[in-house]
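Structure, as structure tokens:
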Amino acid sequence: MPKSRIRKKADYTPPPAKQATTIKLTSRSWVAPVMLALFLIGLAWIVVFYVTDGSLPIDSLDNWNIVVGFGFIAAGFGVSTQWK
């Protein structure tokens with residue numbers, strides 16, 4: 001009986017390595033100091049309003065001083081969305 005032909009298999013070649021994609025983040029070093037400053041200004045505004053029984057920081061705003069303080073804090077949260 002004749003011998004069957006031996007099929008030669010190709011050598012294994014691994015798939016090409018994937019190139020790592022580089023993500024370039026822009027420098028936003030100003031975000032953290034501005035965010036913290038806005039948080040602290042808002043907190044200080046509200047604390048000063050309560051400690052002085054409403055006569056400071058702006059007497060004519062009365063209870064709207066609380067809204068101004070929370071506005072600074074909200075602006076701090078708005079700035080925090082820029083942090084990468």
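Predicted model only: the values in this text are computed from it and were never measured.
- For the residue pair Phe49 and Asp62, the shortest heavy atom distance occurs at CE1-O, 3.1 Å.
- Between Met35 and Gly76 the shortest heavy-atom distance is CG-O, 3.5 Å.
- Not counting sequence neighbours, the partners of Ile73 by the side chain to side chain contact (heavy atoms under 4.5 Å, CB included) test are Phe39, Ile46, Phe70, Phe77.
- Considering every non-hydrogen atom in both Val48 and Thr52, the closest pair reads O-OG1, 2.7 Å.
- A chain of hydrophobic side-chain contacts below 4.5 Å, direct or via other Ile, Leu, Val, Met, Phe, Trp or Tyr residues, connects Tyr50 to Trp64.
- Every pair tested for side chain to side chain donor-acceptor pair (under 3.5 Å) that includes a residue from residues 31-41 fails, sequence neighbours excluded, so the list is empty.
- Crowding of Trp30 atom CH2: a count of heavy atoms from other residues, nucleotides or ligands under 6.0 Å exceeding 12.
- Annotation: side chain to side chain contact (heavy atoms under 4.5 Å, CB included) contacts of Val47 (sequence neighbours excluded): Leu43, Val51.
- In terms of hydrophobic clustering, with Ile, Leu, Val, Met, Phe, Trp and Tyr side chains grouped at heavy-atom distances under 4.5 Å, Ile58 and Val67 are assigned to a common cluster.
- Contact record, Gly54 with Asp59: O-OD1, 3.5 Å, taken as the closest heavy-atom pair.
- Every residue two or more places apart in sequence or in another chain that forms a ring-ring contact (aromatic ring centres under 6.0 Å, His included) with Phe72 is listed here: Trp45.
- Proximity of Pro57 to Asn65: side-chain heavy atoms (C-beta onward) are separated by under 4.5 Å at one or more points.
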